Amino acid sequence: MVLTSPERAIDFCCAANMEKTKIGRRFEGKVAIVTASTQGIGFGIAERLGLEGAFVVISSRKQKNVDVAVEKLKAKGIEVLGVVCHVSNAQQRKTLISKTIEKYGKIDVVVSNAAVNPSVVAILQTQESVLDKLWEINVKAAILILQDAAPHLQKGSSVIFISSIAGYQPRSPLVMYGVTKTALLGLTKALASEMAPHTRVNCVAPGYVPTYFAELLMKDGDARKAIEEKTLLNKLGTTEDMAAATAFLASDDASYITGETIVVAGGIPSRL
Ligand code: NAP
């Protein structure tokens, strides 16, 4: 187990731009579960929380991906537990929580990050089975994981949902996926009220981040450039950008913030 002093700050080398940023140790002694976290944004969040001192529990559908991600995090000195968990599998959700409790005894942070976008057709053409899958993974599983985690959440704990800029303006080709992400904005408000005052519930709405998930949208240079031009900052987001916002909301720096969503989208319009 890696335990370091709270005052110790470490150098975090941002893989995307190789700029060196000083980060603190806001999660010393805290236990953080991040779903769908063996690559992309979820992995970035797990890495950030771990570098800030958290014991992180990562998971995804495939054992091999879990094993590889665990090794990568351990190589950075992070205390990590890896568990296979397809978020729509009830038994695997229960195992995720029970193994966390077995090893660390409590839960301080839950980041609900799993999502699918199985279809790019119009809503009125979307098959019922696809509608079910979108609801099941993007919304229902997020609720069910919290039902399992709730008895173990500590006073001062924090839940973060990963929504999307598409939740504010659900449009083709992300239209029905976008609607499920809108639902997470409502879920954030509803659970913030239900879980107060002991647990804060907030949300991060990423813009466009070049991960495997977003490959379809950025498959050629022109598509990527068009997306960059939609932003005010004229660039795509990074997994580190999303991790920084998530870590802020999960930390005591945000101790008076609940029921809110931070849009991390380079200035793409979301709301007034
Ligand atoms: P990604 O790079 O494709 O990573 C997806 C991760 O989820 C992998 O670790 C994958 O591992 C795991 N996974 C997939 N299905 C799962 C399931 N049913 N249960 C458990 N784990 C599962 O995706 P990403 O871009 O980081 O997306 C993460 C979140 O950010 C999603 O909620 C997405 O909607 C949101 N988001 C992304 C963008 C973007 O531009 N990338 C923008 C807005 C919002 P296995 O294959 O081993 O399961």
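Bear in mind the structure is a predicted one, so any value in this text is a computation, not a measurement. Whatever order the structure lists ligands and atoms in, that order sets their numbers, starting from 1.
- Nearest to atom 6 (C) of ligand 1 among the protein's heavy atoms is Ala36 O, 3.6 Å.
- At under 3.5 Å, not a single nitrogen or oxygen of Met218, backbone or side chain, sits near a nitrogen or oxygen of ligand 1.
- Remark: of the listed residues Leu131, Val130, Leu124, Leu131 is the sole one forming a side-chain contact (heavy atoms from CB on, under 4.5 Å) with Met176.
- Protein heavy atom closest to atom 18 (N) of ligand 1, with residue, atom name and distance, is His86 CE1, 3.3 Å.
- Within the 4.0 Å heavy-atom shell around ligand 1 one does not find Gly237.
- No side-chain heavy atom of Met242 sits under 4.5 Å from any side-chain heavy atom of Thr239.
- A donor-acceptor contact shorter than 3.5 Å is absent between the side chain of Asn117 and the backbone of Leu174.
- Ligand 1 has an N or O atom lying under 3.5 Å from an N or O atom of Ile41, backbone or side chain.
- The NE2 atom of His86 sits 9.0 Å away from the NZ atom of Lys62 when rounded to the nearest 0.5 Å.
- Residues Arg26 and Asp253 are in side-chain contact: their nearest non-hydrogen atoms beyond the backbone lie under 4.5 Å apart.
- For ligand 1, the polar-atom distance check finds no N/O of Ile165 at less than 3.5 Å from any of the ligand's N/O atoms.
- Neither the backbone nor the side chain of Ala166 comes within 4.0 Å of ligand 1, counting heavy atoms alone.
- Against a heavy-atom cut-off of under 4.0 Å, Thr38 is close to the following atoms of ligand 1: 8 (C), 9 (O), 11 (O), 47 (O).
- Between the side chain of Asp108 and the backbone N or O of Ser158 there is no donor-acceptor pair closer than 3.5 Å.
- By the criterion of a heavy-atom distance under 4.0 Å, neither the backbone nor the side chain of Phe43 is placed next to ligand 1.
- In terms of modelled atom types and a separation under 3.5 Å, the side chain of Thr182 and the main chain of Gly167 share a donor-acceptor contact.
- The option from Gly207, Ala214, Ala265, Ser164 that lies nearest to atom 38 (C) of ligand 1, judged by heavy atoms, is Gly207.
- Judged purely by distance below 3.5 Å, without hydrogens or angles, the side chains of Glu79 and Tyr104 pair a donor atom with an acceptor atom.
- At under 3.5 Å, a nitrogen or oxygen of Tyr177, whether backbone or side chain, sits near a nitrogen or oxygen of ligand 1.
- Atom 47 (O) of ligand 1 has as its closest protein heavy atom Ser60 OG, 2.6 Å.
- The shell of residues lying under 4.0 angstrom from ligand 1, judged by heavy atoms, excludes Ala69.
- Side-chain contact of Asn65 with Thr38: a donor-acceptor pair under 3.5 Å is absent, judged by distance alone.
- Under a 3.5 Å cut-off, the side chain of Ser164 and the backbone N or O of Lys181 do not form any donor-acceptor pair.
- Within ligand 1, counting atoms from 1 as listed, the ones closer than 4.0 Å to a heavy atom of Asn65 are 45 (P), 46 (O), 47 (O).
- Within ligand 1, the atoms closer than 4.0 Å to a non-hydrogen atom of Tyr208 are 40 (O), numbered from 1 in the order shown.
- With contacts defined as side-chain heavy-atom distances shorter than 4.5 Å, the pair Val120/Tyr177 does not qualify.
- Of all the atoms in ligand 1, the ones that sit under 4.0 Å from a non-hydrogen atom of Ser163 are 35 (C), 44 (C).
- The closest protein non-hydrogen atom to atom 40 (O) of ligand 1 is Val209 N, 2.8 Å.
- The single protein non-hydrogen atom nearest to atom 46 (O) of ligand 1 is Arg61 NH2, 2.9 Å, given as residue, atom name and distance.
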Evaluate Thr199 against Ser157 for side-chain hydrogen bond (donor to acceptor under 3.5 Å, both in side chains), listing each step before the verdict.
CA-CA 5 Å; Thr199 301; Ser157 55; 2.8 Å; yes
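- Side chains of Ser255 and Asp252: no donor on one and acceptor on the other come within 3.5 Å.
- Proximity of Cys85 to ligand 1, defined as any heavy-atom pair under 4.0 Å, is confined to the backbone N, CA, C and O atoms.
- If you number the atoms of ligand 1 from 1 as listed, the ones under 4.0 Å from a heavy atom of Gln39 come out as 1 (P), 2 (O), 3 (O), 4 (O), 8 (C), 9 (O).
- The distance from ligand 1 to the heavy atoms of Gly40 drops below 4.0 Å at these ligand atoms: 2 (O), 26 (O).
- With contacts defined as side-chain heavy-atom distances shorter than 4.5 Å, the pair Val204/Val264 qualifies.
- A heavy-atom separation below 4.0 Å is not found between Thr35 and ligand 1.
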Give the C-alpha distance, both sets of side-chain angles, the deciding distance and a yes or no for side-chain hydrogen bond (donor to acceptor under 3.5 Å, both in side chains) between Asp132 and Ser129.
CA-CA 5 Å; Asp132 287 345; Ser129 60; over 6 Å; no
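- At a heavy-atom distance under 4.0 Å, atoms from both the backbone and the side chain of Val87 approach ligand 1.
- For atom 3 (O) of ligand 1, the closest non-hydrogen atom on the protein side is Phe213 N, 3.1 Å.
- Using a 4.5 Å heavy-atom cutoff, the side chains of Asp241 and Thr238 are in contact.
- Contact analysis puts Lys181 in contact with ligand 1, with a non-hydrogen atom separation below 4.0 angstrom.
- For atom 25 (O) of ligand 1, the nearest protein heavy atom (residue, atom name, distance) is Thr211 OG1, 2.5 Å.
- Distance from atom 31 (C) of ligand 1 to its nearest protein heavy atom, with residue and atom name: Asn113 O, 3.2 Å.
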